[in-house]
**Q** 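Below you'll find the structure I mean.
Each residue takes its place number in the sequence, starting with 1. Just so it is clear, the model here is predicted, and its values are computed rather than measured.
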Amino acid sequence: MEIERKFLIHTLPESLTSYPHHTISQAYVNTSPVIRIRQKDDTWILTVKSKGAMAREELELPLTEEEYLHLFSKKEGIVIEKNRYRIPDDKGYVIELDVFHGVYDGLVLAEVEFPSLSEAEQYIPPKWFGREVTTDFRFHNSNLSCNTPAQIRELFKDI
């Protein structure tokens, strides 16, 4: 079970590049149900996710590069490109800060994962976090992958 909350970020934390990070490129073979393929640095992963906002089932399986490329040829929509930074917070959680590139250049989202729903509900985000978008499905990566250029422009007007 994946339990996470998601927030818009308008100001990047200082010393961002000092935190561990990965280069991620991900595409969707299907968005309902979510079937995602991801290249994270030099690894390839297949992910299947159930429906949901803050809590949903998630299954991840390793892929070979050949398997990834085969599935990539079947992708739908936009490829999501981002750098993911792992930033520890003062409450013992890890903030996964996604700085998007490509058509979503300028979009920055933070996700925080929790071991339980009660911890997620009690979490008080740091002051540098912006508006919470956990239940705003427009900010789910699977939905971002389906947007038209006009929808992308509208999304940026709202952030």
Side-chain angles (χ1 to χ4, degrees), residues 1-28 31 34-50 52-65 68-69 72 75 77-145 147 152 155-159:
M1 174 75 68
E2 174 187 58
I3 303 168
E4 67 182 11
R5 290 177 60 189
K6 186 179 291 205
F7 302 85
L8 287 171
I9 303 297
H10 297 290
T11 304
L12 294 175
E14 291 183 26
S15 306
L16 181 62
T17 56
S18 69
Y19 296 105
H21 65 281
H22 299 282
T23 300
I24 295 173
S25 176
Q26 62 191 42
Y28 292 82
T31 57
V34 172
I35 302 173
R36 177 186 75 204
I37 53 171
R38 172 183 280 173
Q39 180 176 356
K40 183 170 92 173
D41 300 326
D42 294 326
T43 61
W44 301 273
I45 305 161
L46 170 70
T47 304
V48 179
K49 293 186 177 197
S50 68
M54 187 179 349
R56 57 189 176 161
E57 294 294 327
E58 178 182 77
L59 172 67
E60 290 191 337
L61 301 167
L63 293 172
T64 65
E65 182 177 13
Y68 171 85
L69 292 172
F72 189 86
K75 74 168 181 59
I78 299 167
V79 175
I80 304 296
E81 301 172 78
K82 58 191 177 182
N83 286 342
R84 172 168 285 172
Y85 296 85
R86 295 182 47 85
I87 304 169
D89 78 358
D90 60 359
K91 297 168 187 76
Y93 300 107
V94 174
I95 299 163
E96 293 183 334
L97 184 72
D98 289 344
V99 178
F100 289 76
H101 305 290
V103 297
Y104 287 107
D105 192 39
L107 177 61
V108 182
L109 294 170
E111 297 177 353
V112 183
E113 290 195 27
F114 303 93
S116 71
L117 280 172
S118 62
E119 286 185 53
E121 292 164 349
Q122 294 171 19
Y123 182 73
I124 298 170
K127 293 190 184 306
W128 57 275
F129 277 28
R131 176 174 54 126
E132 182 167 5
V133 293
T134 301
T135 59
D136 187 339
F137 290 96
R138 295 176 304 160
F139 293 97
H140 282 216
N141 283 244
S142 58
N143 290 332
L144 291 173
S145 75
N147 284 335
I152 294 169
L155 184 74
F156 273 100
K157 285 181 186 176
D158 194 33
I159 59 174

**Q** Would you call Leu16 and Val99 a side-chain contact if the rule is heavy atoms closer than 4.5 Å?
**A**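 Side-chain contact under 4.5 Å: yes.
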**Q** Less than 4.0 angstrom from a charged side-chain N to a carboxylate O is my criterion; do Glu111 and Arg84 meet it?
**A** yes
**Q** Around atom CG of Asp42, are there more than 12 heavy atoms from other residues, nucleotides or ligands closer than 6.0 Å?
**A** no
**Q** With heavy-atom distances below 4.5 Å as the criterion, would you say the side chains of Pro125 and Tyr93 are in contact?
**A**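 Sidechains of Tyr93 and Pro125: no contact.
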**Q** How far does CD1 of Ile95 sit from CZ of Phe129, to the nearest 0.5 angstrom?
**A** 4.0 Å
**Q** Could you tell me whether Glu60 and Arg36 have a side-chain N and a carboxylate O separated by less than 4.0 Å?
**A**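 A salt bridge links Glu60 with Arg36.
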**Q** Would you say CD1 of Ile124 has more than 12 non-hydrogen atoms from neighbouring residues, nucleotides or ligands within 6.0 angstrom?
**A**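 Atom CD1 in Ile124 is not crowded, with 12 or fewer foreign heavy atoms closer than 6.0 Å.
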**Q** Side-chain contact, heavy-atom cut-off 4.5 Å: Phe114 with Arg5?
**A** yes
**Q** Determine, for Arg86 against Glu96, whether the closest basic-nitrogen to carboxylate-oxygen distance falls under 4.0 angstrom.
**A**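 Counted as a salt bridge, because a side-chain N and a carboxylate O are separated by less than 4.0 Å.
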**Q** Is there side-chain contact between Leu144 and Ile78, with at least one heavy-atom pair below 4.5 Å?
**A** no
**Q** With side chains defined as the heavy atoms from C-beta onward, is the minimum distance between Leu46 and Ile35 less than 4.5 Å?
**A** yes
**Q** Is there a side-chain contact between His101 and Asn83 (heavy atoms, below 4.5 Å)?
**A** yes
**Q** Got Asn141 and Lys82 here, is their nearest side-chain heavy-atom distance under 4.5 Å?
**A**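 They are in side-chain contact.
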**Q** Using the rule given for side chain to side chain donor-acceptor pair (under 3.5 Å), can you reason through Tyr104 versus Asp98, listing the C-alpha separation, both sets of side-chain angles and the distance that settles it, and then say yes or no?
**A** CA-CA 11 Å; Tyr104 287 107; Asp98 289 344; over 6 Å; no
**Q** Could you state the interatomic distance from CH2 (Trp128) to OG1 (Thr11), rounded to the nearest 0.5 Å?
**A**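 So the gap between those two atoms works out to 9.5 Å.
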**Q** Hey, does Phe137 have a side-chain heavy atom less than 4.5 Å from the side chain of Ser142?
**A**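 Answer no - side chains too far apart.
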**Q** Give the minimum heavy-atom separation between His140 and Lys6, together with the two atoms involved.
**A**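 That closest heavy-atom pairing would be CA-NZ, 3.9 Å.
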